[in-house]
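Have a look at this one before I ask anything.
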Amino acid sequence: MSDPLTSAVVGAALPAAFSFLFQHLHRVIDRRSARSAEQQEAAQEPPVPAPACLDGDPGLTEAEPDLGRLELHAAELERLAGALSVYQRHPDRLRPDDERLLRELGLLRGLLEDVYGRHITFRGEQQPPSGAEIDQRLRAIRGRVVGAEVPGDRPLDRYVVRQEVEDTAPESEVVGIRHTGEGSARSAGEERT
């Protein structure tokens, strides 16, 4: 889980940071309550753009929440929705010296990171930039391994892939990130052995 947000990091960007996290809180709550595919489609909201106060775009808009992790954190997410709704109704109460608010937003950020499997980093924080981080430790490769397959219309810079391989067979392939879909044959970090 993430640390509480600090006033030095968010400062004047607190309203944008709050809005981004609060909107994604409601997206995952809506997603959890939407059981059928039709309900999930109806629950889809317009994309929430990444604010300038983020260190990179975590890509939450196109990411699917892990429903198991979402269920695990459901009670705490619901509690946070209630606790933070007063700030949504009264944005004039958003102050960088409100330690409770910063603690709750830090907790919310950590839960969203866990549900989405992505870092949400604000500018000035000493942690990996926003996006997905994939860490693979593999013993023996016999064929092809791809760390992440990303649709061709999505940028690769939202992903960090680390792969450690002990042994590979002849003609094996280890690919860090690969664009998929029509007209996207590019790969990043491709290595053949």
Inset, instruction - Evaluate the side-chain contact (heavy atoms from CB on, under 4.5 Å) criterion for residues His24 and Tyr116: first the C-alpha distance (whole Å), next the side-chain angles of each, then the deciding distance (0.1 Å), finally the verdict. - result: CA-CA 10 Å; His24 280 289; Tyr116 281 110; 3.9 Å; yes
Inset, instruction - Looking only at non-hydrogen atoms, find the nearest pair between Leu107 and Arg79 and report the distance. - result: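 Looking at all heavy atoms of both residues, the shortest contact is CD2-NH2, 3.6 Å.
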Inset, instruction - Would you check if Arg27 and Val48 make a side-chain contact, meaning some heavy-atom pair closer than 4.5 Å? - result: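 In short, these two side chains touch, coming nearer than 4.5 Å.
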Legend entry - Heavy-atom donor-acceptor pair, Arg118 side chain to Pro58 backbone, under 3.5 Å: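 Yes; judged by distance alone, with no hydrogens or angles, the pair exists.
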Legend entry - Joint cluster assignment, Leu72 & Leu25, ILVMFWY side-chain distance < 4.5 Å: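 No, no single cluster joins them.
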Inset, instruction - Determine whether Leu112 and Leu108 make a side-chain contact, defined as any pair of heavy atoms from C-beta on separated by less than 4.5 Å. - result: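 Answer yes - side chains close enough.
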Inset, instruction - Check whether any side-chain heavy atom of Asp97 sits under 4.5 Å from a side-chain heavy atom of Leu102, and report yes or no. - result: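 Asp97 does not reach Leu102 side chain to side chain.
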Inset, instruction - For Ser85, check side chain to side chain contact (heavy atoms under 4.5 Å, CB included) against everything at least two apart and list the hits. - result: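 For Ser85, the residues satisfying side chain to side chain contact (heavy atoms under 4.5 Å, CB included) (neighbours in sequence not counted) are Phe22, Arg89.
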Inset, instruction - Answer yes or no: is there a side-chain heavy-atom contact under 4.5 Å between Ile29 and Glu78? - result: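 The answer is yes; the side chains approach within 4.5 Å.
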Legend entry - Heavy-atom pair with the smallest gap, counting every atom of Ala50 and Phe20: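 Shortest heavy-atom separation between Ala50 and Phe20 comes out as CA-CE1, 4.0 Å.
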Legend entry - Shortest non-hydrogen contact between Arg93 and Asp98, atoms and distance: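 Nearest heavy atoms, Arg93 then Asp98: O-OD2, 4.3 Å.
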Inset, instruction - Using the test ring-ring contact (aromatic ring centres under 6.0 Å, His included), find all partners of Phe122 that sit at least two apart in sequence or belong to another chain. - result: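 By the ring-ring contact (aromatic ring centres under 6.0 Å, His included) rule, Phe122 matches no residue at all.
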Legend entry - Neighbour count >12 (heavy atoms, 6.0 Å) for atom CD, Glu76: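 More than 12 heavy atoms, drawn from other residues, nucleotides or ligands, come within 6.0 Å of this atom.
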Inset, instruction - Side-chain contact test, heavy atoms from C-beta onward, threshold under 4.5 Å: evaluate it for Glu173 versus Val145 and give yes or no. - result: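 Contact flag for Glu173/Val145 side chains = no.
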Legend entry - Minimum heavy-atom distance between Phe18 and Gln88, given as atom pair plus value: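 Residues Phe18 and Gln88, closest heavy atoms: CZ-N, 3.7 Å.
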Inset, instruction - State plainly whether the residues Glu125 and Arg109 are in salt-bridge range, i.e. N to O under 4.0 Å. - result: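 Arg109 and Glu125: salt-bridged.
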Inset, instruction - Nearest 0.5 Å please: distance from the NE2 atom of His73 over to the CG atom of Asp66. - result: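 Those atoms lie 9.0 Å apart.
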Inset, instruction - Mark yes or no for whether Arg144, through its side chain, and Ser172, through its backbone, hold a donor-acceptor pair below 3.5 Å. - result: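 Side chain of Arg144 to backbone of Ser172: no pair is present.
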Inset, instruction - Taking the side chain as every heavy atom from C-beta outward, state whether Leu77 and Val28 have any pair of such atoms under 4.5 Å apart. - result: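 Result yes, sub-4.5 Å side-chain heavy-atom pair found.
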Inset, instruction - Grab the two heavy atoms, one from Gly143 and one from Ile141, that are nearest each other, plus how far apart they are. - result: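 Taking every non-hydrogen atom into account, O-CG2, 3.6 Å.
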Inset, instruction - Please report the shortest heavy-atom distance between Pro65 and Arg31, naming the atom on each side. - result: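 That would be CG-CG, 3.8 Å.
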Legend entry - Donor-acceptor contact present, side-chain Glu113 to main-chain Ile120, <3.5 Å: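 Present.
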Inset, instruction - Decide yes or no for Arg139 and Asp167: does some side-chain heavy atom of the first lie under 4.5 Å from some side-chain heavy atom of the second? - result: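 When only atoms from C-beta onward are counted, Asp167 and Arg139 do not touch, as no gap falls below 4.5 Å.
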Legend entry - Arg32 vs Leu67, side-chain contact (heavy atoms from CB on, under 4.5 Å): CA-CA, chis, key distance, verdict: CA-CA 7 Å; Arg32 178 177 175 262; Leu67 298 179; over 6 Å; no
Inset, instruction - Kindly indicate whether the side chain of Arg95, heavy atoms from C-beta on, has any atom under 4.5 Å from the side chain of Leu101. - result: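 A side-chain contact is absent here, since even the closest heavy-atom pair is not under 4.5 Å.
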Legend entry - For Ala13, all residues meeting side chain to side chain contact (heavy atoms under 4.5 Å, CB included), sequence neighbours excluded: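 Ala13 satisfies side chain to side chain contact (heavy atoms under 4.5 Å, CB included) with Cys53 once adjacent residues are dropped.
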